[in-house]
Amino acid sequence: MLRIEDLSVSYGSVKALEGVGLEVSQRGLLHGVIGPNGAGKSTLMDAITGRCKPTRGRVFLNDSDITARPIEWRRRMGMSRSFQRTSIFPGIKVGQQLEMVALHLGETDLNSIVDTLELNAMYDLMADSIAYGDQRRVDIALALVGQPSLMLLDEPAAGLSTAETIKLFEHLLAVVRQRNVTALVVEHDVEAVFKFCDAITALDLGKLLTTGTPAEVRRHPHVISAYLGSSA
């Protein structure tokens with residue numbers, strides 16, 4: 001579904017990504033992306049979604065080269081994105097903004113998104129009046145509208161407590177299974193990633209360290225030395 005070949009992004013002399021390759025071939029999976037600060041995780045998301053132009057390399061969606069395609073085209077072709085900060089509309093009711101986006105993208109099954117993410121109780125509330133953890137779920141719901149095949153979520157649990165993070169990842173897992181959508185998730189909470197993700201990609205200093213199952217990545221020597229520490 002998603003294939004990245006030799007992806008590199010440079011800002012002047014700074015190499016944010018260098019020769020990264022990645023393939024996500026199945027739907028209905030939760031795929032985590034980990035790495036220390038400055039590893040290139042957000043740059044990877046930006047390059048995949050078209051927010052930055054790769055210096056080198058190509059991005060494929062369903063075997064089509066989309067490297068030069070604009071953001072809006074990618075959204076309509078099944079790729080959605082959420083950011084480290086919520087992109088909800090604070091002065092609008094939760095249900096109203098979901099309905100607006102659903103109308104724009106031709107979503108015909110909004111009720112199931114609301115049910116899966118347990119947003120019924122806050123549907124008629126102003127978005128800025130609900131708890132921050134609930135706002136994060138609304139943000140994911142907005143990314144899910146339009147029946148994407150691939151969601152890219154940049155630190156969806158940022159600012160949440162451990163308990164809230166676990167609850168959020170439980171919702172994410174339900175979303176990818178029930179909606180048959182793959183989510184590529186950048187997250188600093190390593191334990192949540194290892195607990196809930198089907199596969200994990202580890203980056204360091206803009207380079208790919210490894211991709212594999214949680215067990216494979218956890219015992220990879222380069223991941224241990226670069227990120228997890230000797231006790232991992």
Side-chain angles (χ1 to χ4, degrees), residues 1-2 4 7 16-17 20-49 79-86 116-117 132-133 135-137 139-141 143-144 148 150-232:
M1 178 172 35
L2 174 69
I4 304 164
L7 200 64
L17 286 180
V20 174
L22 175 64
E23 185 170 316
V24 181
S25 58
Q26 290 180 262
R27 294 186 63 161
L29 297 179
L30 195 56
H31 190 120
V33 180
I34 64 171
N37 290 332
K41 303 183 298 296
S42 292
T43 301
L44 175 66
M45 304 290 262
D46 286 344
I48 293 172
T49 55
M79 179 186 291
S80 66
R81 167 83 183 271
S82 76
F83 298 86
Q84 293 179 19
R85 295 184 178 181
T86 57
T116 300
L117 290 168
Y132 185 69
Q135 291 180 11
R136 300 300 296 186
R137 281 191 284 136
D139 202 38
I140 292 170
L144 195 57
L150 177 67
M151 293 195 304
L152 292 94
L153 310 177
D154 198 350
E155 296 189 34
L160 301 185
S161 67
T162 299
E164 289 172 328
T165 296
I166 294 299
K167 188 66 175 176
L168 182 71
F169 268 83
E170 288 174 348
H171 280 106
L172 280 177
L173 198 57
V175 162
V176 300
R177 299 293 195 255
Q178 294 177 22
R179 303 280 294 185
N180 196 31
V181 55
T182 287
L184 194 66
V185 184
V186 166
E187 183 52 57
H188 277 294
D189 191 319
V190 179
E191 289 310 312
V193 172
F194 278 105
K195 180 176 181 179
F196 290 99
C197 288
D198 301 291
I200 299 172
T201 291
L203 301 175
D204 186 37
L205 298 176
K207 295 181 179 181
L208 176 70
L209 291 181
T210 188
T211 292
T213 66
E216 291 169 340
V217 173
R218 187 183 286 276
R219 64 174 178 260
H220 194 284
H222 292 164
V223 174
I224 294 172
S225 62
Y227 190 45
L228 295 178
S230 59
S231 64

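Given the structure is predicted, the values throughout are model-derived calculations rather than measurements. All values below come from the heavy atoms of this structure, side chains included, with hydrogens, waters and symmetry mates left out.
For the pair R81 and D46, the salt-bridge criterion is met [side-chain N within less than 4.0 Å of a carboxylate O]. Between D198 and R177 there is a salt bridge, since at least one side-chain N of the basic residue sits less than 4.0 Å from a carboxylate O of the acidic one.
Remark: the backbone N or O of K167 is paired with a side-chain donor or acceptor of H171 at under 3.5 angstrom. Proximity of a side-chain donor or acceptor of E187 to a complementary backbone N or O of A157 within less than 3.5 Å is detected. Checking side-chain atoms of E23 against main-chain N and O of S25 turns up no donor-acceptor pair under 3.5 Å. Of the possible polar contacts, one joining the T182 side chain to the Q26 backbone as a donor-acceptor pair under 3.5 Å is found. Listed for the K41 side chain is a donor-acceptor partner under 3.5 Å among the backbone atoms of G35.
Here the straight-line distance linking atom CZ of R218 with atom CZ of F194 works out to 5.0 Å at 0.5 Å rounding. How far NE2 of H222 is from OG1 of T210: 9.5 Å, rounded to the nearest 0.5 Å. Annotation: the span from M151 atom CE to H31 atom NE2 amounts to 14.5 Å, rounded to 0.5 Å. How far OG1 of T211 is from NE2 of H220: 9.5 Å, rounded to the nearest 0.5 Å.
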side-chain contact (heavy atoms from CB on, under 4.5 Å), that's the test. Do T165 and E191 meet it? Break it down for me. CA-CA 10 Å; T165 296; E191 289 310 312; over 6 Å; no

After noting the C-alpha distance and the side-chain angles of H188 and N37, does the key distance pass the side-chain contact (heavy atoms from CB on, under 4.5 Å) rule? CA-CA 9 Å; H188 277 294; N37 290 332; 3.2 Å; yes

I'd like to know whether L203 forms a side-chain contact (heavy atoms from CB on, under 4.5 Å) with L209, so could you lay out the CA-CA distance, the side-chain angles of the two residues, the decisive distance to 0.1 Å, and finally the verdict. CA-CA 5 Å; L203 301 175; L209 291 181; over 6 Å; no

As a quick check of understanding, evaluate side-chain contact (heavy atoms from CB on, under 4.5 Å) for F196 and V185, giving each step before the final call. CA-CA 11 Å; F196 290 99; V185 184; over 6 Å; no

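Counting all heavy atoms, side chain and backbone alike, L172 lies closest to P156 at CD1-CG, 4.3 Å. Here the closest heavy-atom approach between residue R136 and residue D154 is recorded as NH2-O, 4.1 Å. Pairing each heavy atom of M79 with each of I48, the nearest pair is SD-O, 3.5 Å. Nearest heavy atoms, L17 versus L7: CB-O, 4.0 Å. Closest approach of A183 and V176 over heavy atoms only: CB-CG1, 3.8 Å. In this structure, A202 and V223 approach most closely via the heavy-atom pair CB-CG2, 3.7 Å.
Here the side chains of L22 and L208 are not in contact, with every heavy-atom distance at 4.5 Å or above.
S80 meets the side-chain hydrogen bond (donor to acceptor under 3.5 Å, both in side chains) test with no other residue; sequence neighbours excluded.
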